[in-house]
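Contents: one structure, followed by commentary.
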Amino acid sequence: MENDYSISELLTVFLARELKDGEVLRVGVAMPVAEAAVRLAHLTHGPNMDLVFLGARMNVAHLETIPMPAFGWDRRVVRWAESFSDTGHRFDRVKDWNNHVFFIGGVQVDAYGNTNLIGVGPDYRRLKFRGPGSVGTPTLSTHVGRYYIVLNSHNPRVLVEKCDYVSAFGWGTGGADARRKLGLPGGGPRFCITPLCIFDFAEDTKRMRLRSVHHGISPERVRQETGFEIVMPSSVPTTEPPTADELQVLRSRVDTAGRLRV
Amino acid sequence: MNTERRQRIFDEVEAAGWLQDGMTVAIGQPTPMALVRQIIRRGLKDLTIVDAGFSLDLLIAAGCARKVVSYYAGGGFGNPVGPSFRRAAERGEIEVWECEEGILCAGLQAAAQSLPFLPWRGGVGTSLPEVNPDLKIFMDPLRGETLIAVPPIKPDIAIMHAAHADAYGNVQHVGGPGWIDLFMCRAADRVIVQVDQVISNEQVRSDPWKTTIAPADAIVRAPYGAHPFYSRGYHLQDNEHLKLYSEAANRAAAGDRKALDDYLERFCRKPATHADYLELIGIKRLLALYEY
């Protein structure tokens with residue numbers, strides 16, 4: 001029973017524990033782990049969190065269930081909204097975003113947490129893979145207090161030494177002052193979360209460092225599946241598993257359709 | 001002398017007639033599909049499209065777009081990228097004006113305010129100014145901070161969908177406009193809004209705070225005009241129909257255009273009017289979506 005949870009459930013619970021009561025959590029489309037994590041955190045320890053989905057701001061901690069949307073563009077999440085950013089400027093109050101938290105994916109992610117949603121290939125006019133575009137990630141990553149890189153695959157094509165293009169600036173070419181030098185007020189990426197492991201960023205260089213590996217995964221496997229040299233501590237713990245209570249809330253009150261269990 | 005106030009109601013064929021080859025067209029959310037289908041039916045070419053998602057992909061598939069101003073071209077239904085956008089961009093058939101949400105807002109706002117540029121911080125340190133040379137990095141003259149100068153993005157025409165408008169162009173959304181709609185309307189030379197229902201001028205006057213676009217240049221009667229998208233206050237999104245397009249576009253991206261051409265012919269080119277399109281979709285399907 002001890003390991004009777006899926007990787008997506010493990011990542012959801014890990015992320016949920018990261019989120020603090022009173023924070024404003026902004027989730028875009030096509031990020032099921034982040035969507036589940038903010039709901040779980042809201043129900044377990046965040047009655048004063050605000051959840052922002054596609055411009056709709058809500059507090060729904062009183063609900064028995066906060067199910068996941070049926071599909072990425074499901075605008076019916078607005079049934080929970082208390083207000084919308086869509087009537088004004090979505091980015092009117094970036095000065096207040098220090099307690100905002102955001103989640104970001106990428107076609108590529110590099111050793112310093114820069115992310116790429118633009119595309120892959122040396123010639124921008126003839127990309128080998130054209131990505132979806134930057135959405136709002138350049139502005140969000142510039143201003144939010146911190147953000148999490150959440151990946152649904154871990155391989156050397158995604159985790160690269162240097163992104164072909166950068167759509168959201170993480171730590172640039174490294175160094176604790178990389179963001180300050182550019183005048184970027186937000187705190188930058190805190191962790192990079194993958195199906196194999198959790199990375200954090202070394203304090204001085206801001207290069208990705210292996211923080212923990214998931215149950216059954218060796219640091220060597222992570223090294224093989226990563227396209228850059230990882231800062232490797234002498235000992236790497238196993239990612240702490242979900243508790244029975246966390247899984248109970250997640251399965252019965254958030255992921256009621258069981259999408260994260262596969 | 002004529003003392004009667006001019007009404008602004010046009011049908012979708014007349015209103016789409018304002019569009020010409022080579023224009024810049026901004027498209028709101030939910031997508032004004034009755035007007036988009038007329039653009040495709042007319043076979044307009046070389047448009048610069050300011051849009052995201054399904055309608056953007058459809059206009060590219062139909063060969064209407066030369067340039068795309070887009071912050072996001074996601075595909076939905078398991079496609080991380082719109083299939084027609086991806087194929088056309090990779091083959092160099094469309095030019096992409098690379099941006100993001102904040103930069104797009106700044107560019108539209110600069111156009112609305114007749115400014116040569118507006119500054120934006122989001123994107124500093126990224127590749128956006130490299131892949132889009134219209135975006136200029138500059139040093140702000142007051143505090144010496146590094147910022148991006150975003151030039152005006154000026155649509156010739158913005159097309160929108162809303163729940164309600166009166167005959168004089170006063171638009172009242174139900175549940176608010178799409179997040180970028182009002183930026184597009186302020187920036188564009190002319191605004192066409194298709195609506196689920198034309199309401200009375202008295203109803204508008206009873207709650208003028210509800211008026212979101214004031215005024216639009218043309219109002220088009222288009223019940224279910226957002227189909228296959230949702231319209232707040234009227235109907236849900238038709239996922240079965242969107243999947244039909246998605247599968248056809250995926251096959252086209254893999255090299256077989258037949259299903260996509262069939263889709264375009266059947267749903268966009270053949271129905272001469274929006275009413276013909278609704279007949280094709282069928283009353284049963286439409287009624288099944290009639291809740292929100």
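Within every chain, numbering begins at 1; the chains are lettered A, B, ... in the order of the sequence lines, protein sequences first and strands thereafter. Because only heavy atoms are used, hydrogens play no part in the values below, and waters and symmetry mates are left out as well, while side chains stay in.
- Between chain B and the options A/Leu117, A/Thr139, A/Thr142, the largest number of non-hydrogen pairs under 4.5 Å is found for A/Thr139.
- Counting heavy-atom pairs closer than 4.5 Å to chain A, the top-ranked of the candidates B/Ala89, B/Ala52, B/Gly92, B/Pro30 is B/Gly92.
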For this session: Take B/Leu128 and A/Tyr165 through the test side-chain contact (heavy atoms from CB on, under 4.5 Å) and record every step on the way to the result.
Result: CA-CA 8 Å; B/Leu128 291 175; A/Tyr165 307 91; over 6 Å; no
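- The number of heavy atoms from other shown groups lying within 6.0 Å of CG (A/Asn98) does not exceed 12.
- Around CG of A/Asn59, the count of heavy atoms belonging to other residues, nucleotides or ligands within 6.0 Å exceeds 12.
- Heavy-atom contacts from other residues, nucleotides or ligands closer than 6.0 Å to CD of A/Glu229 number 12 or fewer.
- Of all the listed residues (B/Val96, B/Asp181, B/Ile103), the one sharing the greatest number of non-hydrogen pairs under 4.5 Å with chain A is B/Val96.
- Note on B/Val124, B/Thr146, B/Val131: by heavy-atom pairs under 4.5 Å with chain A, the leading option is B/Val131.
- Chosen from A/Val107, A/Val135, A/Leu127, the residue pairing most often with chain B at heavy-atom distances under 4.5 Å is A/Val135.
- Most heavy-atom pairs under 4.5 Å with chain B: of the set A/Gly119, A/Ala81, A/Pro132, A/Gly105, this distinction falls to A/Pro132.
- Remark: A/Phe91 CZ to B/Arg121 CZ distance equals 14.5 Å, nearest 0.5 Å.
- To the nearest 0.5 Å, atom CD1 of residue B/Ile94 and atom CZ of residue A/Arg130 are 8.0 Å apart.
- Residue B/Arg91 holds its CZ atom at 10.0 Å from CZ of A/Arg126, rounded to the nearest 0.5 Å.
- A donor-acceptor pair under 3.5 Å is absent between the side-chain atoms of B/Glu98 and the main chain of A/Gly133, judged by distance alone.
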Problem set entry | From CA spacing to verdict: side-chain contact (heavy atoms from CB on, under 4.5 Å), A/Val166, B/Ser127 | CA-CA 5 Å; A/Val166 172; B/Ser127 305; 3.8 Å; yes
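- By number of non-hydrogen pairs under 4.5 angstrom with chain A, the leading residue of B/Cys99, B/Ala73, B/Gly82, B/Ser70 is B/Ala73.
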For this session: Decide side-chain contact (heavy atoms from CB on, under 4.5 Å) for B/Glu90 and A/Lys128; before the verdict, give the C-alpha distance in whole Å, the side-chain angles of both, and the deciding distance to 0.1 Å.
Result: CA-CA 6 Å; B/Glu90 288 173 359; A/Lys128 287 192 202 122; over 6 Å; no
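- With a 4.5 Å cut-off on non-hydrogen atoms, B/Glu130 does not touch chain A at all.
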